[in-house]
Structure formats: C-alpha cells, structure tokens
Amino acid sequence: MNKSNTYIFIYSTVMVVVVASLLAMASNVLKPFQEKNLEIAKKLEILHSVDKGWDASSADSKNAYVDGEYAKYIAETLVVNASGDTISGQDAFMVDLVKEMEKDSSARSLPVFVCHQDNGGVNYIFPVQGKGLWGPIWGYVSLKEDMNTIAGVFFDHQGETPGLGAEINTLWFQKPFIGKKLFNASSQFVAIKVAKTGEPREAEHSVDAISGGTITSKGLQNTIFDSMQMYLPFLTKNKK
Amino acid sequence: MFSSKNLKLLTNPLNLENPITVQVLGICSALAVTVKMKPAFVMALSVIIVTAFSNLIISTLRKSIPVRIRIIVQLVVVASLVIIVDQVLKAFVYDVSKQLSVFVGLIITNCILMGRLEAFAMANKPWESFIDGIGNGIGYGWILIAVSFVREFLGSGSVFGFPVMEKIGAYSIGYVNNGLMIMPPAALIIVGVIIWIQRSRTKSLIEKE
C-alpha cells in the first residue's frame with residue numbers, strides 16, 4: 001500500500017530506534033561471555049606454544065582447565081621496550097601486538113610470557129604477527145633459556161586455504177620447528193627459513209614448507225623474522 | 001494449526017521446492033561451510049532460526065510496511081536477527097563461530113531469506129509464514145548436512161568429528177583421505193549429484209525442451 005512520506009519517515013525512525021536498542025542490549029548482555037572466550041583462546045595459544053593445554057577440549061570445564069594451566073605455568077610476564085629493557089606498569093596479556101606494530105619502533109611495548117616447566121626449565125614465549133595469503137596469521141614462538149633455541153611454536157590463521165596454507169595450525173607442521181635456532185654460529189640473526197624441497201637450506205634454521213601453500217609458508221617465514229626482530233635487543237641482552 | 005495446507009509449507013521445501021537443489025539459492029554458503037559436519041549443522045540451525053523469525057516478523061508487520069521502503073525494512077529485520085545469532089554463537093560456541101567466520105554474517109545476503117520474505121511473508125499470515133520459514137530453513141539445512149557428511153567422511157575420514165576411518169583401522173591398510181573433498185569444488189560436485197538423483201526420481205522437475 002502507498003503511504004504518505006510522513007508515515008514513511010516516522011516508520012523508519014521508530015524501526016531504527018527499536019532495532020538499535022535491541023542490538024545494543026544483546027551486545028551488552030553477551031559481551032562478558034565473548035571477552036572470556038577471547039581470553040581463553042589466547043591463553044590456550046600461549047600454552048600450546050610450550051606444549052601444554054592439549055586436554056582443553058576433553059576437560060569438563062574448558063575455561064577452568066585453561067585458567068588453571070595458565071596460572072600454573074605462565075606465572076610471570078614481562079613488557080619490554082624497543083631497546084630490550086623491561087618496562088613496568090603494563091599488563092603483558094592485554095598488550096595488542098597489532099597496534100604496537102603500527103607504532104614507531106621506539107614507542108613499542110612488547111609482551112613476553114615466561115613459562116616455568118615442571119622440570120625447572122624456563123621458556124620465553126614471544127607473540128608473532130603477520131600476514132598469509134588471504135588474511136592475518138599469528139602465533140607464539142617459545143625459546144629456551146639461551147634465547148636462541150626454539151622450544152615450541154603455535155601458529156593460527158584467519159582464513160588460509162583449507163588443506164594447504166591452513167595446515168600451519170597443525171602439529172605436523174609445527175613440530176619440526178622445535179630445536180631450530182634463531183641465530184647462526186657467528187651470532188647473526190637469521191630466524192627460520194620455511195624452505196621448499198631443493199631450496200638451499202641450513203639444517204638448524206630451516207623447516208619444510210607446505211606444498212601448494214607457498215605464499216602462506218613465505219608469509220609465515222616473514223612473520224617470524226619481522227616479529228622476532230622487534231625483540232632482537234631483548235634477545236641479545238639476555239642471550240646465554 | 002497443522003492443516004494439510006500448512007504441512008505442505010513445511011514439507012515442500014524439503015524436496016519439490018528445495019531452495020538449493022530446485023531454486024538454486026544459497027549456493028555460496030553451501031559450498032563454503034560444508035567441509036566438516038559440525039559447522040554445517042550450526043549454520044543450518046542458524047539459517048532455520050533466521051528464516052523462521054524474519055518471516056514471522058515481516059508477516060506480522062506486512063500491513064504496516066510502506067511499499068516503497070519494504071526491501072529496506074526486510075533487510076533491517078534480517079540483519080538484526082543475523083547479528084544477534086552471530087553474537088550468541090560468539091558467546092557460547094566460540095570454536096564453531098571461528099570456523100564459520102564471515103559466513104554467519106553472510107546469512108544476511110542469503111537469497112533464500114529475501115526470496116521467502118518477498119514471495120511469501122509479505123502476502124501471508126504470520127503462522128503460515130513462520131512454518132514456511134522453518135520449512136525452507138530445513139530444506140537448506142538438510143542439503144548442507146548431506147553434503148558435509150560426504151565431504152567430512154571422504155575428506156577427513158570422520159563423521160561429526162568422530163574419526164571413523166581411524167577406528168576401523170583403514171589407514172593401516174593403506175587407505176588415504178581424498179584431498180579433493182576438502183576443496184570447494186567437491187561441494188559443487190556433490191550438490192550436482194544430489195540434483196541428478198532428485199531429478200531422476202521426480203521427472204516433473206525436468207525442464208521441457
């Protein structure tokens with residue numbers, strides 16, 4: 001039916017106000033649950049990089065399990081600046097690495113998570129962030145006390161190709177990183193090369209790329225290099 | 001309430017008027033979210049909820065909606081429902097919502113929704129529209145589940161996340177998962193096969209030359 005313009009204006013105004021308040025209400029009610037989910041997901045990724053937290057999906061209460069494991073192993077966190085000094089007054093867990101990477105290198109505050117293993121060993125966990133083929137990829141790299149040898153890694157992605165680039169979040173891809181070194185014999189920072197078959201490689205600094213997932217593999221290589229380079233002063237200072 | 005006419009509204013979209021295999025609507029998401037059964041199931045459920053309630057709301061309002069802005073009103077209703085569903089998924093089944101990623105948001109542009117609103121809800125009573133919405137949602141949903149069953153079983157060797165192939169020891173005798181099944185083209189092929197079977201059983205669906 002045809003209605004007057006006034007009717008249409010009033011109708012759309014009322015509709016917009018009703019819908020907006022409904023959505024605002026839904027968003028407010030659900031926000032605490034959503035934020036908790038994000039927090040748990042992040043804690044789980046950090047734990048996975050030191051080979052912990054694998055029982056999360058079979059635990060009775062996933063949240064309680066993850067919170068418990070995180071509190072047990074990641075008791076210490078640091079925030080460091082571009083010259084590798086620890087700065088106080090910031091919560092490492094709340095630092096948004098994406099925002100920090102947009103800043104000038106001198107103004108960055110970078111989070112470091114410290115894991116105390118059951119056997120007394122200490123691992124330092126560094127977040128990494130970059131881009132793959134279709135969107136962002138991110139993860140955590142944990143180093144042994146020498147600040148050189150990789151103790152474990154965890155990577156995830158937003159929308160890499162299933163079966164190809166998306167494989168970076170699987171164990172068969174991540175396991176070979178363990179034991180690789182970021183610095184070469186002459187203490188130069190070389191990070192990790194994600195190499196195709198036949199490409200020249202040094203055993204200590206290379207892992208296998210994913211066939212068919214070349215751009216994601218290269219993206220991951222750059223992600224690790226760029227992100228770990230930000231921590232270079234911190235690594236050099238604390239190297240053993 | 002459940003007269004034979006109303007039951008038809010519910011059952012027709014399952015077969016003779018199926019939104020995917022007969023009307024060929026909503027194909028995009030059918031290709032995208034059917035790698036595993038769990039996301040496909042949640043997606044189907046979300047679409048059923050959104051089609052049912054958007055049909056109900058639009059049908060209730062149909063006499064008051066000004067014709068000139070009816071598409072806008074329909075979109076606002078659909079978009080709000082989808083945002084609410086998305087928020088609920090993010091709050092309570094975070095892992096699944098991560099897998100579905102943008103596709104929940106894209107329910108807004110699912111042609112089935114606007115098609116039902118324009119063709120049915122604008123001209124019928126709320127209860128009938130509600131049933132029609134549920135019927136079309138299920139018609140879309142069962143195809144999704146069927147496609148994802150084949151893709152997950154052949155592509156990942158599991159059913160609803162349960163590793164069937166591993167349990168029966170298929171890998172130890174040399175069985176290998178079919179990599180094509182996890183790529184989008186596989187969904188297209190399976191939907192094609194379903195349409196083929198449906199048409200060979202129901203001759204009336206075949207177009208005359």
Side-chain angles (χ1 to χ4, degrees), chain A residues 1-42 44-45 56-58 62-63 66 134-136 156-167 169-170 211-213, chain B residues 31-36 38-39 57-58 61-103 122 151-152 155-156 161 177-187:
Chain A
M1 68 220 81
N2 272 313
K3 305 265 167 126
S4 69
N5 284 347
T6 329
Y7 179 84
I8 293 179
F9 275 117
I10 295 171
Y11 193 92
S12 32
T13 313
V14 171
M15 177 180 74
V16 168
V17 170
V18 170
V19 165
S21 41
L22 256 175
L23 290 181
M25 209 170 71
S27 162
N28 266 328
V29 173
L30 297 171
K31 193 148 228 149
F33 296 98
Q34 294 168 352
E35 279 171 354
K36 185 72 193 167
N37 283 336
L38 288 176
E39 182 195 323
I40 291 293
K42 185 172 177 181
L44 203 54
E45 288 177 354
S57 49
S58 58
K62 185 180 169 183
N63 289 7
V66 175
W134 303 114
D156 208 349
H157 61 94
Q158 193 178 59
E160 298 305 300
T161 321
L164 303 174
E167 297 287 302
N169 66 9
T170 55
S211 329
Chain B
L31 302 188
V33 300
T34 50
V35 179
K36 293 276 164 70
K38 199 176 169 197
I57 293 169
I58 289 297
L61 297 174
R62 73 187 187 283
K63 293 202 173 117
S64 71
I65 298 173
V67 175
R68 272 181 285 174
I69 60 163
R70 69 179 193 286
I71 302 279
I72 299 173
V73 176
Q74 290 165 7
L75 264 180
V76 168
V77 170
V78 172
S80 334
L81 282 170
V82 169
I83 291 169
I84 290 174
V85 167
D86 190 31
Q87 299 274 324
V88 170
L89 291 180
K90 274 198 185 122
F92 299 111
V93 277
Y94 179 73
D95 292 334
V96 176
S97 86
K98 219 171 92 179
Q99 282 171 13
L100 290 172
S101 62
V102 297
F103 291 99
M122 285 301 282
R151 290 183 73 185
E152 186 178 340
S156 316
N177 287 328
N178 185 340
L180 171 68
M181 282 296 152
I182 49 179
M183 306 296 286

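First the proteins, then the strands, lettered A, B, ... as listed; each starts at 1.
- With values rounded to the nearest 0.5 angstrom, Q158(A) atom CD is found 10.5 Å from K98(B) atom NZ.
- Sparse packing is recorded around NZ of K31(A), with 12 or fewer heavy atoms of other residues, nucleotides or ligands lying under 6.0 Å away.
- Interface remark: of the candidates I72(B), I69(B), V77(B), V35(B), I69(B) forms the most heavy-atom pairs closer than 4.5 Å to chain A.
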Distance-only donor-acceptor pairs under 3.5 Å for side chains of residues 11-21 of chain A, two or more places apart:
| unit_1 | atom_1 | unit_2 | atom_2 | d |
| --- | --- | --- | --- | --- |
| Y11(A) | OH | S64(B) | OG | 3.2 |
| S12(A) | OG | I8(A) | O | 2.6 |
| S12(A) | OG | F9(A) | O | 3.2 |
| T13(A) | OG1 | F9(A) | O | 2.6 |
| S21(A) | OG | V17(A) | O | 2.8 |
| S21(A) | OG | V18(A) | O | 3.0 |

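- For K38(B), the NZ atom is loosely surrounded, since the number of other residues' heavy atoms within 6.0 Å does not exceed 12.
- Between the CG atom of D95(B) and the CD1 atom of I40(A) there is a distance of 11.0 Å, given to the nearest 0.5 Å.
- Heavy atoms closer than 4.5 Å to chain A are found in both the backbone and the side chain of V73(B).
- Of the possible polar contacts, none joining the N37(A) side chain to the Y94(B) backbone as a donor-acceptor pair under 3.5 Å is found.
- A heavy-atom distance below 4.5 Å is found between the side chains of N5(A) and R68(B).
- For a residue to count as touching a neighbouring chain, one of its non-hydrogen atoms must lie under 4.5 Å from one of that chain's; by this rule L30(A) touches chain B with backbone and side chain alike.
- Q87(B) places no side-chain N or O within 3.5 Å of a backbone atom of A26(A) that could act as its donor or acceptor partner.
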